[in-house]
Amino acid sequence: MKQSGYDKTLQLAKKVDKIDRLSYILMGFAHIKAGQIVKGVGFFLLEIAFIFYMINKGVTTLLNLITLGTVQQGMVYDEAEEIYVRVDGDNSMLMLLYGVVALFVIIGFVILWRVSVRTGFQALINKKAGKKNPGFIEDIRSLFDKNIHMNLLFVPLLGLFLFTVLPLVYMILMAFTNYDVNHQPPGNLFDWVGLRNFNELLLSSGKIAQTFWPVLGWTLVWAVFATFSNYFLGILLAVLINRDGVKLKKLWRTVFVLSIAIPSFVSLLVIRTMLNKSGVINMELISLGFIKDPLPFLTNATWARASVIVANMWIGIPFTMLIATGILTNIPSDLYESAKIDGAGPFMMFKKITMPYIFFITTPYLISNFIANVNNFNPIYFMTEGGPLTLEYFKGAGKTDLLVTWLYKLTKDSFDYCYAAAIGILIFGISATVSLILYNKSNASRNEEGFQL
Amino acid sequence: MKKKLLSALLCAAMTATMLIGCGSAEQAATETADKAADTAAETVVEDTEAATTAEVEKVELKVWSPEDEHDITVEQCEAFAANHPEYEITFTYENVENADSITQLKNDPDVAADVFVYPTGGIPEMIEAGLIYPITVDVENVKSAYGENAIKSCSSDGVLYGIPQTPNAFFMYYNKSLFTEDEVKSIETMLAKDLGSDVKNFSFTISNSWYVESFFYANGGTLYGDDGTDGTQCSWNDEKGVAVGKYLLDLVANDKYVEDIDGIAASMFQEGKLGAVCSGTWSSEDFKAALGDDLGATVLPTAEIDGKVCQLSNFADFKAYGVKSSTLYPKAAQQLAEWLGGEESQLKRFEAINMTPTVTALLENESVQANVAACALSEMTGNFSTPQPTTSQISQYWAPVEAFGKGIVNGDITEANLQESIDSMVEGVTTKLAE
Amino acid sequence: MTTPKGFNSKYYRLLPVFALLPVLLLFLPYVSTGGKSLNGLGMLKAAGEFKNAAGAVLPIFGGIGGLVAGLVAAAALILLFIFRNKVFGYIATFAEAFFAFFEVASFFGIKKMFDATEGFGSDFMIHDLRAGFWVLLIASIAGLWITMAANRFHTEYIILTVMSVIWLFPVFYITMTALRQEGSFYVNYIMPKQPGLENFKKMIFDDSKFHYVRWFKNTLLVATLSCIVSSLIVLQSAYVLSRIRFNGRKVIMNLLLILGMFPGFMSMIAVYYILKGMGLAQSLVALVLVYSGSASLSYYVAKGFFDTVPKSLDEAACIDGATKWHVFTKIIMPLSKPIIIYTVLTSFMGPWADYIFASVILGDKSDYYTIAMGLFNMISMENIDKYFTQFAAGAVLISIPIATLFISLQKYYVEGLSGSVKG
């Protein structure tokens with residue numbers, strides 16, 4: 001059985017002197033005793049800094065995280081000055097955010113503490129056994145060799161924690177508060193409400209639940225269509241361009257790549273203006289005699305859904321085309337040659353060799369693409385803004401809204417942050433489940449079989 | 001330093017009580033926080049007192065204005081500084097569009113402008129979030145200079161939250177070569193006139209919830225009670241409201257009507273292919289350039305709903321100068337807002353960028369009288385519009401009504417499901433999500 | 001009938017059908033509307049009755065051109081059968097291509113032609129077309145296809161041409177809008193009536209309301225910096241996760257996978273306050289940090305690429321006494337040109353399109369606005385009517401450098417991406 005770090009530390013603790021266990025409280029004590037002065041002092045200073053932070057701010061911040069503020073901002077009239085005087089209140093939002101920061105500081109400190117105890121004990125044991133402990137310089141040097149992962153991952157992970165993990169925890173916690181349009185800081189306080197938001201979204205009979213399920217349904221339909229239409233047509237396009245003997249390969253590719261190179265919000269807005277009721281497509285169709293009345297590309301629910309899927313193809317197919325182009329050049333040509341000898345036509349070869357090969361290689365891409373489509377904000381927001389709006393849905397949600405665009409509207413237009421956060425968590429739940437199942441399945445089949453014809 | 005130590009000790013003690021019993025911790029926190037608030041209030045009062053006794057007060061004010069108004073705003077701020085030798089003011093300016101100012105203020109009140117322009121429809125939202133300062137300095141004098149609707153729109157519960165800068169509403173432009181002054185008084189008369197096969201007669205934006213209320217108000221409907229303060233009331237699903245719905249369905253079906261989306265009405269109007277269009281001062285320059293002397297402007301027309309002739313009445317919305325609640329110099333900021341919204345500044349702005357004034361005395365001014373758009377706008381907002389409701393529930397108004405308007409225009413709403421749709425809209429407008 | 005050399009026999013046998021079909025079809029009914037009915041010959045006669053020839057030049061040209069091309073194709077095919085010479089095959093293909101093109105063109109232009117014809121009026125619609133026209137339309141396209149296939153030309157060109165037209169149409173439309181000097185947002189035609197570069201000039205040189213040059217500089221700065229930082233982050237984390245085995249590697253990889261699934265909007269305000277706490281909010285540096293801070297989430301592609309670089313290279317170097325740092329910088333990096341370019345390219349393009357994060361982070365500091373924010377402002381409710389054509393010019397202007405960059409580095413992009421999915 002694998003030892004957990006905790007067990008390991010306990011075992012180490014048994015091997016050192018009683019007095020050395022002082023480093024449980026005084027971090028770095030063991031290091032200094034074992035001769036690693038710089039490291040020891042470093043640990044000790046960090047401990048001091050932590051204690052200083054906790055006394056100064058940490059404790060209040062944590063308490064605030066529990067209460068989310070108790071004093072409401074107010075105004076008191078000052079007769080003499082003919083003026084209201086503002087009485088500062090608590091800002092629940094900032095309290096929540098700083099509370100999360102404090103939590104992270106504490107978690108970080110606990111990890112640091114464990115590392116210090118374990119490495120400290122290890123150093124003492126090493127010293128006892130007569131082995132030399134690495135000095136400061138050697139530690140630094142190891143960061144470029146044996147421990148290069150600590151060095152190289154430090155900045156990426158720091159960035160990740162600051163700009164993704166920390167805000168994320170803040171968002172997750174928000175889903176358990178009543179931070180909605182009626183509880184806006186700094187004027188008002190919001191508070192913890194437990195699972196209320198989830199209950200309303202999923203189980204209640206209210207309009208918001210009547211909106212959630214259909215929107216979720218369309219999100220999944222959209223993700224399936226958007227993913228597979230782009231995938232298959234992209235591969236088909238790549239195959240067409242890469243057929244032996246087709247000339248001007250680079251030119252063809254360039255034509256399609258243009259749609260990647262133009263910032264997507266520009267091209268989507270342009271497509272939107274083209275599809276409008278009085279847009280150029282309707283006008284041309286009318287003047288060419290195809291239709292008498294404009295087609296409701298973006299104003300009828302079914303039409304709008306089809307329009308966004310098609311517009312998304314315009315943007316997405318070239319991506320798949322590029323990926324598939326790379327893979328196609330890697331397909332072993334002997335596969336085709338032997339198939340040709342067996343008398344297979346081009347379609348047969350596409351079906352039996354090209355497609356399975358590409359499919360086998362791109363499964364992870366396909367899965368991540370599916371997840372990306374669940375969260376695909378741009379095509380929907382810039383094309384239809386979720387519309388056509390409908391009275392069947394909770395305020396502001398429309399027939400082409402994905403969960404993610406609805407979430408954005410909830411924060412931007414109606415300020416119901418807590419519901420938006422709850423939806424965010426639910427989106428995550430769906431994405432994580434789907435991708436874990438699919439990844440495991442695809443990995444299992446990959447490892448067991450490999451690509452065989 | 002002593003205070004810090006004390007608070008640290010307090011906190012430690014609170015941690016201890018918390019460990020013993022969570023219940024008492026909350027109470028303790030409330031108490032300390034209350035105390036903290038008291039002391040904070042005291043210090044603020046002391047500060048302001050100190051300020052009045054000093055000879056020249058140093059003041060730093062940040063002002064937001066839209067890009068178009070930047071130069072004139074700077075000029076007027078400097079004029080304000082010259083008028084107030086008791087302050088030594090350092091101004092900072094940033095360009096923020098009016099529509100974005102509330103969002104920006106919400107994001108981070110600390111760095112927001114002390115004085116800024118906002119659409120008065122945002123007042124309930126800002127009060128709810130505690131972001132805006134009540135204007136009290138010399139308030140009675142200030143109020144008397146403006147029309148009743150302007151002051152109502154800038155107030156909530158009788159407290160003034162902004163100085164009206166300009167009306168922010170739409171009225172009707174018409175093409176004098178197609179319609180006479182009498183014809184444009186009624187939608188029915190306009191639609192009945194034959195202007196030729198490729199010319200449309202009248203345009204409106206039913207699919208916009210800032211426009212469509214005109215018809216409901218016209219037929220005597222009320223939104224959020226009679227005075228717009230009761231968030232649970234909306235009469236639009238009664239018989240009269242359904243009659244309005246039917247009227248809108250007929251209007252959309254009329255071949256001579258154009259729903260103004262994607263700027264189509266403006267474009268047709270400028271080409272002379274549309275008789276009348278409802279829009280705001282933002283279109284005035286382009287229209288003037290296209291039509292010249294043929295351009296007429298007037299108040300919204302009447303509509304014959306269910307056999308009764310009703311005057312359309314839109315929201316009386318204004319743009320106003322406001323002061324953020326977290327300003328460090330409330331008095332100076334209020335005075336600046338009052339100056340910027342005052343008569344002299346308004347006149348300068350009218351001369352420089354044609355902005356319609358709100359000060360009643362200025363409306364008599366000859367050059368204002370000569371500007372058709374300004375006259376139509378001030379007459380509309382002064383006499384025919386309805387002040388926008390001031391309940392914070394107004395934030396729930398926009399989406400359902402827009403969905404209703406779009407449903408009418410897109411054909412999803414028909415006579416068959418009209419009552420049901422209006423009920424559903426009213427439900428959306430009046431329900432609070434959760435307490 | 002034996003197939004001559006150089007032809008695909010399967011399709012060659014079908015050719016006679018397509019040589020005769022167009023001629024026979026002239027006698028089928030083409031159009032019936034308003035009680036009138038015309039066959040192909042009648043259509044040609046009707047062409048003489050145009051009221052307003054100017055509006056119908058293209059359709060007439062299409063109709064007559066189609067007829068001529070169709071007859072040439074038929075003649076060439078008959079000659080081909082007689083002389084069995086490949087040259088006639090080429091001529092037939094060429095003529096069929098024109099034939100199909102003209103038929104499609106007249107399909108799109110036929111309403112204009114009838115609108116200008118006595119006795120039909122302006123209520124002609126496509127569904128008034130009758131069997132003769134439809135069969136001819138399909139026959140011309142099928143004829144092109146079959147002739148190309150029989151001649152062993154690639155029929156892929158037909159599909160590729162159609163798709164290219166679809167793909168280029170929006171690009172064409174926005175370019176035409178940018179060149180349009182008249183009108184406002186809404187016009188009901190594509191080709192500008194007064195084409196010119198006025199919009200581009202205004203966009204670049206008129207600084208009174210929109211500060212295009214400043215936005216461009218800001219975006220370029222942010223894009224360059226954040227592409228440097230995020231490329232470094234992506235490459236170093238991908239290298240570590242591909243090459244080094246250490247405790248917690250799996251945890252970090254799963255974490256990175258999962259974290260990418262949360263929608264980012266919710267946490268924007270938190271990010272803002274974190275940056276504010278660092279004293280950086282409302283600055284371009286903040287924007288760089290936001291764009292590159294979470295770059296490690298997209299480590300996957302680069303890791304896939306590194307996985308395909310043989311491990312034996314590292315091992316050999318280690319035996320020679322190189323540290324892992326050296327392996328990374330001196331061995332792996334020089335081999336990874338495609339993936340470096342891929343990473344640089346993707347992270348460089350991000351800031352040009354983002355407007356949501358930028359507007360929260362920058363707040364009221366309009367001096368720092370980026371191009372996406374600026375362009376987005378131009379099409380807000382108040383501005384769109386007035387500035388849509390200028391917006392189009394602005395959009396075309398930024399698309400040119402980015403598209404050039406992307407297209408010239410396309411090769412590496414494909415290599416980097418495909419190298420990684422191989423893993």
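Here is the naming used below: chain letters follow the sequence lines, and residue numbers restart at 1 for every chain.
- Note that CD1 of Ile190(C) and CD of Glu284(A) are 4.5 Å apart. Values are rounded to the nearest 0.5 Å.
- For Ala372(C), the parts lying under 4.5 angstrom from a heavy atom of chain A are both the backbone and the side chain.
- For chain A, the nearby parts of Ser267(C) are the backbone and the side chain; heavy atoms of each come within less than 4.5 Å.
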### Task
Tell me, with the steps shown, if Gln410(C) and Leu322(A) meet side chain to side chain contact (heavy atoms under 4.5 Å, CB included).
CA-CA 9 Å; Gln410(C) 220 196 109; Leu322(A) 281 183; 4.2 Å; yes

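- Ring geometry for Phe246(C) versus His149(A): interplanar angle under 30°, hence parallel rather than tilted (30 to 60°).
- Contact count against chain C (heavy-atom pairs under 4.5 Å) is highest for Ser278(A) among Ala421(A), Ala372(A), Ser368(A), Ser278(A).
- Contact annotation for Thr161(C): both backbone and side-chain heavy atoms come within less than 4.5 Å of a heavy atom of chain A.
- Per-residue counts of heavy-atom pairs under 4.5 Å with chain A were compared for Leu241(C), Ile174(C), Val327(C); the largest is that of Ile174(C).
- Proximity to chain A is limited to the side chain of Ile244(C), based on heavy atoms less than 4.5 angstrom apart.
- Counting only distance, with no hydrogens or angles, the side chain of Tyr157(C) and the backbone of Lys247(A) share a donor-acceptor pair below 3.5 Å.
- Taken to the nearest 0.5 Å, the CE atom of Met163(C) stands 5.0 Å off from the CZ atom of Phe256(A).
- Val280(A) touches chain C through its side chain: at least one heavy atom from C-beta onward sits under 4.5 Å away, while N, CA, C and O do not.
- Proximity to chain C (any heavy atom under 4.5 Å) is shown, for Trp314(A), by both the backbone and the side chain.
- Annotation: Lys249(A), atom NZ; neighbour count of heavy atoms from other residues, nucleotides and ligands within 6.0 Å is above 12.
- Counting heavy-atom pairs closer than 4.5 Å to chain A, the top-ranked of the candidates Ile402(C), Ile274(C), Leu160(C), Val234(C) is Leu160(C).
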### Stepwise ring-ring contact (aromatic ring centres under 6.0 Å, His included) test for Phe382(A) and Phe376(C)
CA-CA 11 Å; Phe382(A) 292 128; Phe376(C) 215 77; 5.5 Å; yes

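- Using a distance-only test at 3.5 Å, with no hydrogens or angles considered, a donor-acceptor pair links the side chain of Asn375(A) to the main chain of Met261(C).
- No other option in Ala322(C), Ala403(C), Pro170(C) has as many heavy-atom pairs under 4.5 Å with chain A as Pro170(C).
- Only the side chain of Leu157(A) comes within contact range of chain C, with heavy atoms under 4.5 Å apart.
- At a 4.5 Å heavy-atom cutoff, Leu96(A) makes no contact with chain C through either its backbone or its side chain.
- Lys57(A) NZ: 12 or fewer foreign heavy atoms inside a 6.0 Å radius.
- Contacts between Tyr170(A) and chain C at a heavy-atom distance below 4.5 Å involve the side chain alone, from C-beta outward.
- Annotation: maximal heavy-atom pairing with chain A below 4.5 Å, among Ala295(C), Ser164(C), Ala395(C), occurs at Ser164(C).
- For the atom pair OG1 (Thr325(A)) and NZ (Lys411(C)), the distance works out to 14.5 Å, reported to the nearest 0.5 Å.
- For Ile262(A), the parts lying near chain C are the backbone and the side chain together; criterion is any non-hydrogen pair under 4.5 Å.
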### Working for side chain to side chain contact (heavy atoms under 4.5 Å, CB included), residues Phe262(C) and Thr164(A)
CA-CA 9 Å; Phe262(C) 277 102; Thr164(A) 307; over 6 Å; no

### Task
Determine, stepwise, if the pair Tyr173(C) / Met274(A) fulfils side chain to side chain contact (heavy atoms under 4.5 Å, CB included).
CA-CA 8 Å; Tyr173(C) 170 74; Met274(A) 286 169 51; 3.5 Å; yes

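- Between chain A and the residues Ser399(C), Gly394(C), Gly293(C), the most heavy-atom pairs under 4.5 angstrom are made by Gly293(C).
- For Leu410(A), no part lies near chain C; criterion is any non-hydrogen pair under 4.5 Å.
- Between Phe377(A) and Ile356(C), the closest side-chain pair of non-hydrogen atoms falls below 4.5 Å.
- Interface residue Leu275(C): only side-chain heavy atoms are found under 4.5 Å from chain A.
- For Ile400(C), no part sits under 4.5 Å from any heavy atom of chain A, backbone or side chain.
- Contact of Met174(A) with chain C is made through the side chain alone, with heavy-atom distances under 4.5 Å.
- No donor-acceptor pair closer than 3.5 Å links the side chain of Glu156(C) to the backbone N or O of Leu240(A).
- Note on Thr411(A), Ile317(A), Val169(A), Ile271(A): by heavy-atom pairs under 4.5 Å with chain C, the leading option is Ile317(A).
- Looking only at heavy-atom pairs under 4.5 Å with chain C, the residue among Ile427(A), Val155(A), Val246(A), Val257(A) that has the most is Val246(A).
- No part of Ser267(A) comes within reach of chain C, as not one of its non-hydrogen atoms sits under 4.5 angstrom from that chain.
- With a threshold of 4.5 angstrom between heavy atoms, Tyr299(C) does not approach chain A through any atom at all.
- For a residue to count as touching a neighbouring chain, one of its non-hydrogen atoms must lie under 4.5 Å from one of that chain's; by this rule Leu288(A) touches chain C with backbone and side chain alike.
- For Leu403(A), no part sits under 4.5 Å from any heavy atom of chain C, backbone or side chain.
- Heavy-atom pairs under 4.5 Å with chain C were tallied for Val165(A), Ile423(A), Ile291(A); the largest tally goes to Ile291(A).
- Of the listed residues Thr273(A), Leu248(A), Asn151(A), Val404(A), the one with more heavy-atom pairs under 4.5 angstrom with chain C than any other is Thr273(A).
- Interface remark: Phe265(A) contributes side-chain atoms only to the contact with chain C (heavy atom separation under 4.5 Å).
- At a 4.5 Å heavy-atom cutoff, Leu232(C) makes no contact with chain A through either its backbone or its side chain.
- Residue Phe104(A) places its CZ atom among more than 12 non-hydrogen atoms of other residues, nucleotides or ligands, all under 6.0 Å distant.
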### Task
Walk me through it: do Leu256(C) and Leu160(A) pass the test side chain to side chain contact (heavy atoms under 4.5 Å, CB included)?
CA-CA 9 Å; Leu256(C) 292 177; Leu160(A) 200 67; 3.4 Å; yes

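- Interface residue Ser435(A): only side-chain heavy atoms are found under 4.5 Å from chain C.
- Taking a 6.0 Å sphere around NZ of Lys277(A), one finds it holds 12 or fewer heavy atoms contributed by other residues, nucleotides or ligands.
- Contacts between Met321(A) and chain C at a heavy-atom distance below 4.5 Å are absent for every atom of the residue.
- In Phe290(A), the CZ atom is crowded: over 12 heavy atoms of neighbouring residues, nucleotides or ligands sit closer than 6.0 Å.
- Considering only heavy atoms from C-beta on, Phe144(A) stays 4.5 Å or farther from His326(C) through its side chain.
- Residue Phe154(A) places its CZ atom among 12 or fewer non-hydrogen atoms of other residues, nucleotides or ligands, all under 6.0 Å distant.
- Of all heavy-atom pairs between Gln236(C) and Leu152(A), the closest is NE2-O, 2.6 Å.
- Using a 4.5 Å cut-off between heavy atoms, Leu405(C) makes no contact with chain A at all.
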